[in-house]
Amino acid sequence: MASQKKNTKGPVYKARLNRLQISIFEDVSEDAKIRFSTYIQRQYKSGDVWKTGAFSEMDLDDLAKAREMAVNQIKELK
């Protein structure tokens, strides 16, 4: 199995959906195959510090929509 090179560039796609943030990164393997990594997270500010938290039941519908947004964006990027 070929090892993957990590791409140090920023996200190729970034969006917000209510309390969720969606980021998609492009990774290129040594055999030049392009793969995408998707991060969906909920961030909140505690004092002056931004933190990443777990999804609450209020986030679940948006989580499903965020996943669909990511799938559609990856299809466009390919």
Side-chain angles (χ1 to χ4, degrees):
M1 179 184 285
S3 62
Q4 273 190 312
K5 281 187 190 176
K6 282 293 179 187
N7 192 343
T8 57
K9 294 180 186 176
V12 293
Y13 176 78
K14 200 171 188 179
R16 282 199 76 76
L17 180 61
N18 297 320
R19 300 184 334 159
L20 304 182
Q21 182 177 351
I22 305 141
S23 301
I24 299 174
F25 293 83
E26 184 179 82
D27 298 316
V28 181
S29 65
E30 288 180 6
D31 58 355
K33 290 188 179 182
I34 297 174
R35 294 179 179 86
F36 295 94
S37 300
T38 303
Y39 294 87
I40 300 173
Q41 57 188 5
R42 185 177 72 84
Q43 292 181 318
Y44 62 95
K45 198 169 187 179
S46 179
D48 291 334
V49 179
W50 282 97
K51 297 183 177 186
T52 302
F55 302 111
S56 74
E57 62 187 86
M58 296 184 318
D59 297 318
L60 295 179
D61 285 338
D62 285 340
L63 187 57
K65 291 174 190 171
R67 179 212 165 271
E68 189 65 28
M69 286 172 67
V71 167
N72 290 334
Q73 187 61 40
I74 289 170
K75 285 179 184 177
E76 284 185 32
L77 290 167
K78 286 184 175 183

Looking at [atom1] of [X] and [atom2] of [Y], how far apart are the two atoms once the value is rounded to the nearest 0.5 Å?
| X | Y | atom1 | atom2 | value |
| --- | --- | --- | --- | --- |
| Glu26 | Ile74 | CD | CD1 | 10.5 Å |
| Tyr13 | Leu77 | OH | CG | 9.5 Å |
| Leu63 | Phe55 | CG | CZ | 5.0 Å |

Would you mind writing out the side-chain donor-acceptor pairs for residues 41-53 within the sub-3.5 Å range, not counting sequence neighbours?
unit_1 : atom_1 : unit_2 : atom_2 : d
Arg42  : NE     : Ala54  : O      : 3.0
Arg42  : NE     : Asp59  : OD2    : 3.4
Arg42  : NH2    : Ala54  : O      : 3.1

Could you work out, with side chain to side chain contact (heavy atoms under 4.5 Å, CB included) as the rule, every residue matching Ala66, not counting sequence neighbours? Leu17, Leu20, Ile22, Ile40
If you look only at pairs with a residue in residues 62-73, which of them pass as a side-chain hydrogen bond (donor to acceptor under 3.5 Å, both in side chains), with sequence neighbours excluded? Asn18-Asp62
